[in-house]
Structures are given as structure tokens and as C-alpha cells.
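These notes concern the structure reproduced below.
No experiment lies behind these values; they were computed from the predicted model shown. Residue indices begin at 1 and follow the sequence shown.
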Amino acid sequence: MNSLQTIFHWVTQSPFAATAVFFGGTTLAVTLYTYVYDYTMLINRDQVGNQSGRSSRG
């Protein structure tokens with residue numbers, strides 16, 4: 001509970017810094033989500049390509 005009070009006090013005393021931390025965290029979260037999403041799509045595309053290549057040759 002004490003940490004929540006500390007955070008609340010910091011946010012109310014430093015709104016610019018709190019906004020910067022919020023936007024920085026949001027940017028980091030979106031970047032990580034995009035990275036993971038693109039990676040999984042790339043892996044899935046490669047797996048589908050490999051499966052269709054095997055079936056057409058066989």
C-alpha cells in the first residue's frame with residue numbers, strides 16, 4: 001500500500017514525467033507485440049510454404 005501512495009504522489013507531482021513513462025511503456029508494449037506477431041506470421045508462412053512444397057513434389 002505504501003508503494004501505491006508513493007507512485008500516486010510521484011504522478012501528481014510530476015505529471016510530465018508520468019506521461020513520458022506512460023507513453024514509453026506503451027511504445028515498448030506495442031513494439032514487442034508487433035515483433036512477436038510478425039515473427040509468428042513469418043514462422044507460419046515458412047511452415048505453410050514447406051508443407052505445400054513437399055506435397056507438390058511427392
Can you give me every donor-acceptor pair (side chain of residues 28-38, partner residue at least two apart or in another chain, under 3.5 Å) with its distance?
residue : atom : partner : partner atom : Å
Thr31   : OG1  : Thr27   : O            : 2.7
Thr34   : OG1  : Val30   : O            : 2.8

Take Val48 and Arg45 through the side chain to side chain contact (heavy atoms under 4.5 Å, CB included) test and state the conclusion after the steps.
CA-CA 5 Å; Val48 168; Arg45 186 189 71 184; 5.9 Å; no

Residues sharing Leu42's hydrophobic cluster, by side-chain heavy-atom contacts under 4.5 Å among ILVMFWY, directly or via others?
none

Which pairs would a plain distance check flag for residues 2-14, meaning a side-chain donor or acceptor within less than 3.5 Å of a matching protein atom at least two apart in sequence or in another chain?
residue : atom : partner : partner atom : Å
Thr6    : OG1  : Asn2    : O            : 2.9
Thr12   : OG1  : Phe8    : O            : 3.0
Thr12   : OG1  : His9    : O            : 2.9

